[in-house]
Amino acid sequence: MNMQEAQYLSSLIGILAAVFLFGFAIFVHELGHFVVAKLSGVGVNKFAIGFGPVIWRFVKGETEYSIRWIPLGGFVALKGMIEGMDEEEDDDQPGKPKPETEAKKPSSMTEDLDALRSKPAWVRIAVFASGVTCNYLTAIVLMAFLLWHGQPEPEPLPNRLQEIPADTVWYDLGYRSGDEIVGVNRESVSLVGQILTPESESGSTNVLTEPIESWKDLIEQIYLATRRSDTGTSPTLFVQVDRNGQLLTLPLPIGYFLNEDKAEYFQPPLPAYVGGVYPASPAHRARLVERNYHLGEKATFPPWD
């Protein structure tokens, strides 16, 4: 299978997934009508999963349950929902006249007690509103499950600096390639002129108040320091750096960090991640990722010739 065929297969899978989700949403909608109708004493003539010709059916009580060929949701037929719809044509033999014994008989007051049109207004409102309400409740339950179960995330970026060239502002501030940022002082210095003091350059100031275990922790501390700073000032954090077992205290001017040109080299080493793989593609068949494929999983590539 070449790449173009793999793309077609991926598109087909996407279309089938959309059809399934659309059908599931309709099924849940009709299920809401069905459940509330049953609970409120409204007669239900039919409840079907899907549309079209019947695959399998059975009757329980007054309700006919069926599974049909077209998987686009389903439908529920309530008694007395629309005048003249209680007696429908047979699904397997449309248009065929019914025997005289099956002709529609005049309705009595007793037979209409479970018709939707005979129910109070609040019951009719509840039945009609139950479909969309069930959709909302399903969405809430699914989102709660996703938030509880969690979603796969890439490995956290390391709190270690990538290569720092000698002609960068970060090199002048004292940072070197491979420095590991292990702590940050929550208190910031507001004046830019204070960022290169002899005390900070020598690393003699003890400023470790907040441990840093990943690059995300450092970003959060920079954000908090920005919010704490006075309006119109450029705050500076002091960070503690582990360099081959030696702890150093270095200034981190947030104004430099937010400047794209100056912040270019103040970054962690970025590992390779897979953003997406077409099903049945050469990359997928080669199993370049560990275990089964997960979006964002760290890739393990074979040696290149």
Side-chain angles (χ1 to χ4, degrees), residues 6-58 60-61 63-78 81 116 119 122-157 214 216-217 219-220 223 273-281 283-284 287-299:
Q7 291 177 354
Y8 288 149
L9 178 59
S10 178
S11 300
L12 178 60
I13 293 175
I15 293 174
L16 293 178
V19 170
F20 171 78
L21 291 176
F22 184 72
F24 177 74
I26 297 178
F27 167 73
V28 169
H29 184 92
E30 299 300 328
L31 182 63
H33 293 312
F34 172 81
V35 171
V36 175
K38 283 288 189 180
L39 293 177
S40 57
V42 177
V44 180
N45 294 330
K46 294 183 180 181
F47 179 74
I49 300 176
F51 296 98
V54 176
I55 300 176
W56 177 74
R57 76 171 78 188
F58 72 96
K60 183 176 181 180
T63 306
E64 176 191 282
Y65 302 87
S66 63
I67 299 176
R68 304 179 179 234
W69 280 107
I70 303 176
L72 287 176
F75 67 89
V76 58
L78 305 179
M81 181 175 178
L116 181 63
K119 295 295 182 180
W122 70 268
V123 172
R124 299 197 299 271
I125 293 173
V127 171
F128 285 121
S130 58
V132 66
T133 302
C134 196
N135 284 131
Y136 276 110
L137 292 177
T138 302
I140 292 173
V141 170
L142 291 177
M143 287 303 301
F145 174 79
L146 289 176
L147 293 175
W148 172 76
H149 184 269
Q151 300 184 18
E153 295 182 357
E155 296 180 2
L157 295 176
S214 68
K216 180 180 178 181
D217 295 340
I219 298 298
E220 290 178 352
Y223 172 74
Y273 286 91
V274 176
V277 171
Y278 287 111
S281 66
H284 185 261
R287 302 187 62 80
L288 296 182
V289 295
E290 299 173 351
R291 304 178 300 277
N292 295 326
Y293 170 72
H294 295 287
L295 187 65
E297 184 175 11
K298 188 175 182 180

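Quick caveat: nothing in here was measured; it's all calculated off a predicted structure. Start at 1 with the first residue, then count along the sequence.
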Spacing of [X] atom [atom1] and [Y] atom [atom2] [to the nearest 0.5 Å]:
X	Y	atom1	atom2	value
Ile49	Ile70	CD1	CD1	14.5 Å
Arg68	Trp56	CZ	CH2	13.0 Å
Ser214	Ile219	OG	CD1	9.5 Å

For the residue pair [X] and [Y], establish whether any side-chain heavy-atom pair is separated by less than 4.5 Å.
X	Y	value
Phe47	Lys60	no
Phe128	Leu78	no
Ile26	Phe22	yes

Do the side chain of [X] and the main chain of [Y] share a donor and acceptor less than 3.5 angstrom apart?
X	Y	answer
Arg124	Lys119	yes
Asn135	Val28	no
Ser130	Gly32	yes

- request: Please state whether the rings of Tyr65 and Phe34 are parallel, tilted or perpendicular, taking 30° and 60° as the class boundaries.
  value: perpendicular

query: What is the ring orientation for His33 with His29, classed by angle as parallel under 30°, tilted 30 to 60°, or perpendicular over 60°?
result: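 Ring orientation, 0 to 90° scale: perpendicular.
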
message: For a quick test of reading the model, state the closest non-hydrogen atom pair linking Ser40 to Val127 and the distance between them.
response: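 Taking Ser40 first and Val127 second, the nearest heavy atoms are OG-CG2, 4.0 Å.
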
